[in-house]
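Notes to accompany the following structure.
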Amino acid sequence: MKILFLNHDGGGFADHIEIEQGTTVEALFTAQLKDADARDFLIRVNRQPVAAGQVLQEGDRVSLTPRKIEGAA
Amino acid sequence: MNTITMPKREQRFHRPLWTVARRLHGRLARGHDWRVDLPESAWSDCQAQFRRIRKAQSHHWEGAVRVSRRDARDALTQLLIGIEGSRNAIDPDRNAPVVMSAAEIYRDLISLDDEFPEVRCDLDRGHLSAVTDPIELEEVFLGAFEIRLHFTHTPLDYEIVARDPQPPRCCDHVTHPHVEDQSLCEGEGRAAIRNSLQQGRLADFFLIVRQILNTYNGSSAYVALDRWQGRDCPGCGSELNDDECSECEACGSDFCHACVSDCTVCGSFGCDDCQVKCPECEESVCRHCLTKCCGEPLCERCLDDKNCRYCQAKAQEDEQRSDRTAVHAVCLGEAAVSA
């Protein structure tokens, strides 16, 4: 099934990606950001905070936003 | 003034917000093109910084070299971000939506109420504002900030307005380490902000900006937080201004210009405690440029081949004496004849 995946760590591009039925938010995070810690990100599904074990549905909009994004001068 | 507050998620359809979403979608869809820019300005910045380094090196300005290298590092970081952004934007395998639908933009607008304590939409002025919780970084209270998006501008732009400004003592146009004159220097978030605005992902935009405001990057700030409350010169106690202070290259502390001097030998800046006077010429020099001969250490200018004046004279005298002894040796065997 297809979901819209938005990773704001870096370029912040939106991608439609294919995932297996029954994929949880936690599994998606691990698959997409292998070495990252989920506690360092704001994770939203359809614009709402969710539990790690929530199962994703067809057409969901998943966004990952780092808690710390460094500005400059 | 036609200002509306955001409806709660569970409330019914909100027509004014739907109108904003529809207009925004129309504007973004019309303004969108497939052009992908190379990070040329970031590259120009890098070139400029490298020119500064070379100039500082040619003049032996050690302090300026260090500052320029730091600036060059930041410019290179921006270039890498720009390259990454261009590479992703041109990638044909990415199938991201070009512009969000009006319905998606509407849902974004509604969702803002869950993320921010205050959200407002001013239809007359074309502002969409989300206000952060009060922000405190490294125990410095900065207050709440309004992220004000101008949704009638093409391309979309925004400003950061301090609700209860807490500027540093040295400059009142800086309200946050990364905000000057209401403009946020986006740093790492630059590409993500640009993409979210181009595609109309407003919820993402407000969230990214909020997280930048909640992060402190001490290596690249308009005013560092440890200088926010103001500082005094450790030498004379007068108030230090960022534009009018010098760093002692020996101890690393900042002083007012009156309390530092440059070494007459190597040109490095030093405070009164770290610089010393050469006992011979009484010029100010750093400790590295003093060399010990037979007595007190002297600066390089007062030494000739690492010998002080006294030792030079002594060496000369010894040389003359040995010359005389050599002459006597040549004349050995001749008896003096009195007149």
Side-chain angles (χ1 to χ4, degrees), chain A residues 1-21 23 25-26 28-73, chain B residues 9 71 74 77-78 81 84-89 91 93-98 100 104 107-108 110-112 114-115 174 176-180 184-196 199 201 203-205 207-224:
Chain A
M1 65 180 187
K2 223 172 202 181
I3 61 164
L4 178 62
F5 179 68
L6 303 137
N7 178 8
H8 299 130
D9 190 11
F13 283 86
D15 285 319
H16 282 125
I17 60 169
E18 285 285 346
I19 59 167
E20 296 289 325
Q21 288 280 354
T23 302
V25 171
E26 190 177 21
L28 175 74
F29 183 90
T30 308
Q32 294 291 328
L33 285 86
K34 292 177 180 59
D35 299 323
D37 187 336
R39 287 172 298 189
D40 295 335
F41 287 80
L42 300 173
I43 303 175
R44 303 284 185 266
V45 175
N46 300 327
R47 305 173 182 83
Q48 290 290 294
V50 288
Q54 177 164 322
V55 176
L56 295 168
Q57 306 296 321
E58 170 81 32
D60 273 350
R61 176 192 197 274
V62 182
S63 74
L64 308 180
T65 308
R67 287 184 187 275
K68 298 286 178 195
I69 307 175
E70 289 191 339
Chain B
R9 186 179 285 273
D71 291 345
D74 294 341
T77 303
Q78 287 304 322
I81 292 169
E84 176 72 11
S86 299
R87 190 175 69 93
N88 287 328
D91 188 346
D93 296 331
R94 286 181 177 264
N95 52 0
V98 176
M100 292 288 153
E104 287 287 318
R107 286 187 202 108
D108 270 11
I110 297 291
S111 75
L112 291 177
D114 297 331
E115 298 280 358
V174 172
H176 182 281
H178 307 299
V179 177
E180 186 180 46
L184 174 70
C185 190
E186 297 153 345
E188 286 180 351
R190 188 174 176 181
I193 288 174
R194 190 191 59 190
N195 287 324
S196 62
Q199 295 174 6
R201 291 186 281 108
D204 293 334
F205 159 74
L207 215 56
I208 295 163
V209 172
R210 184 185 70 186
Q211 295 316 118
I212 296 175
L213 291 172
N214 276 308
T215 307
Y216 174 52
N217 175 12
S219 66
S220 183
Y222 289 116
V223 177

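By convention in this document, chain letters (A, B, ...) are assigned in the order of the sequence lines, proteins followed by strands, and residues within each chain are numbered from 1.
Both the backbone and the side chain of B/Glu104 come within less than 4.5 Å of a heavy atom in chain A. Within the 4.5 angstrom heavy-atom criterion, no atom of B/Asp74 approaches chain A. With a 4.5 Å cut-off on non-hydrogen atoms, B/Ile81 does not touch chain A at all. Neither the backbone nor the side chain of B/Glu180 comes within contact range of chain A; no heavy atom of the residue lies under 4.5 Å from a heavy atom of that chain. If you measure heavy-atom distances from B/Arg190 to chain A, you find no contacts under 4.5 Å at all.
With respect to the salt-bridge test (charged N to carboxylate O, under 4.0 angstrom), the residues A/Asp37 and A/Arg67 do not qualify. One finds no salt bridge joining A/Lys68 and A/Asp40 here, because no Lys/Arg side-chain nitrogen approaches an Asp/Glu carboxylate oxygen to under 4.0 Å.
Between A/Ala36 and A/Phe29 the shortest heavy-atom distance is O-CE2, 3.6 Å.
Counting heavy atoms of neighbouring residues, nucleotides and ligands inside a 6.0 Å radius, atom CD of A/Gln32 exceeds 12 of them. Dense packing is recorded around CD of A/Glu58, with more than 12 heavy atoms of other residues, nucleotides or ligands lying under 6.0 Å away.
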